[in-house]
Amino acid sequence: MTLAWFNAAPAQEARTAMLACCASRRFADAMTDARPLASAASAERAVETAFSAMTWADVLEAMDRHPRIGARVSGQSAREQSGVADDSRAALTAGNLEYEDRFGHVFLICATGLSGAQMLAALRQRLKNDAESERSAATTELAKITVLRVRKELAE
């Protein structure tokens, strides 16, 4: 897909493409409604605008489609989590369970470029957050992931 394709696509196809970047319906609708987008920079601004209108329920909807960090995954999640070595998986699995028990949702981090050890350190640090701080951190990480995915999807 390219930016030109996204701008010209029927609304449902454009929406489906954006749902692959972030599984929030509000996000996908906002990005589809923001068309036509003039450039990659305007697409990134549209992501920021869409995220500013999202509720916590929208964030949870998107996070529900994310695999756990360290899980054996395929597709774009596998590429994003490529820094997870086998020796980190068990610790990340245990940390994910503790995190989910504490906060009620999957641990989310923009894993691109991070090693398993860095992700584990971030998970342990974020376990110290209160619920409100963690909601903010999770939303920020989801936005980072989404920007990277939209950038990749709309590359010329």
Side-chain angles (χ1 to χ4, degrees), residues 1 6 12 14-34 37 40-41 43-155:
M1 174 181 19
F6 179 70
Q12 188 55 44
R15 184 177 189 271
T16 298
M18 288 299 103
L19 283 169
C21 296
C22 176
S24 161
R25 291 171 293 182
R26 184 183 305 265
F27 169 80
D29 289 344
M31 291 298 291
T32 301
D33 292 346
L37 300 168
E44 289 181 30
R45 285 191 300 275
V47 170
E48 293 170 10
T49 299
F51 265 79
S52 70
M54 286 171 61
T55 66
W56 179 242
D58 298 322
V59 173
L60 286 173
E61 177 185 33
M63 288 195 309
D64 283 346
R65 301 295 296 263
H66 274 269
R68 288 183 178 100
I69 292 293
R72 297 210 184 270
V73 293
S74 61
Q76 64 187 357
S77 292
R79 288 186 296 278
E80 293 163 355
Q81 293 188 36
S82 63
V84 177
D86 284 339
D87 60 345
S88 300
R89 288 192 196 283
L92 282 166
T93 297
N96 279 320
L97 293 174
E98 183 180 354
Y99 180 94
E100 290 173 26
D101 284 344
R102 176 157 165 65
F103 295 111
H105 56 81
V106 69
F107 171 70
L108 199 62
I109 188 167
C110 184
T112 301
L114 298 180
S115 69
Q118 289 170 313
M119 289 180 245
L120 184 58
L123 188 155
R124 289 180 175 147
Q125 185 62 40
R126 285 174 49 195
L127 276 166
K128 299 174 186 175
N129 284 348
D130 60 43
E132 184 176 329
S133 297
E134 188 49 33
R135 282 182 176 193
S136 177
T139 301
T140 297
E141 292 300 313
L142 179 63
K144 289 179 192 177
I145 294 165
T146 303
V147 164
L148 291 175
R149 288 179 175 183
V150 167
R151 188 182 296 152
K152 185 175 181 175
E153 283 297 315
L154 301 183

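What you find for G116 and L92 is that their closest heavy atoms are O-CD1, 4.3 Å. Between L108 and R126 the shortest heavy-atom distance is O-NH1, 2.7 Å. The shortest heavy-atom contact between E44 and R151 is OE2-NE, 2.8 Å. Of all the heavy atoms in A137 and N129, the pair that sits closest is CB-ND2, 4.3 Å. Shown here for M1 and A17, the closest heavy-atom pair between the two residues is CE-CB, 3.3 Å. Nearest heavy-atom pair across M119 and A111 is SD-CB, 3.6 Å.
Residues E100 and R68 are paired through a salt bridge, judged by an N-O separation under 4.0 Å between the basic side chain and the carboxylate.
Residues passing the side chain to side chain contact (heavy atoms under 4.5 Å, CB included) test with L127, sequence neighbours excluded: E98, Y99, R102, F103, L123. Listed by chain and residue number, F51, W56, V59 satisfy the side chain to side chain contact (heavy atoms under 4.5 Å, CB included) test with T139 (two or more places apart in sequence, or in another chain).
Put simply, CG on D33 and CE on M18 are 12.5 Å apart, with the number rounded to the nearest 0.5 Å. Taking CG of L19 as the start and CG of D29 as the end, the distance is 7.5 Å to the nearest 0.5 Å. To the nearest 0.5 Å, the span separating CZ on R65 from SG on C22 amounts to 11.0 Å. Between the CG atom of D101 and the CG atom of N96 there is a distance of 11.0 Å, given to the nearest 0.5 Å. Once rounded to the nearest 0.5 Å, the distance linking CD1 of I145 with SG of C21 reads 11.5 Å. To the nearest 0.5 Å, the span separating OG1 on T140 from CZ on R135 amounts to 14.0 Å.
Side-chain atoms of E141 come within 3.5 Å of backbone atoms of C110 as a donor-acceptor pair (strictly under, hydrogens ignored). Side chain of D58 to backbone of T55: a donor-acceptor contact under 3.5 angstrom is found.
Under the 4.5 Å side-chain criterion, counting only non-hydrogen atoms from C-beta, F27 is not in contact with L142. Contact check for F6 versus E153: no side-chain heavy atoms found under the 4.5 Å cut-off. Between L37 and M31 there is a side-chain heavy-atom pair separated by less than 4.5 Å.
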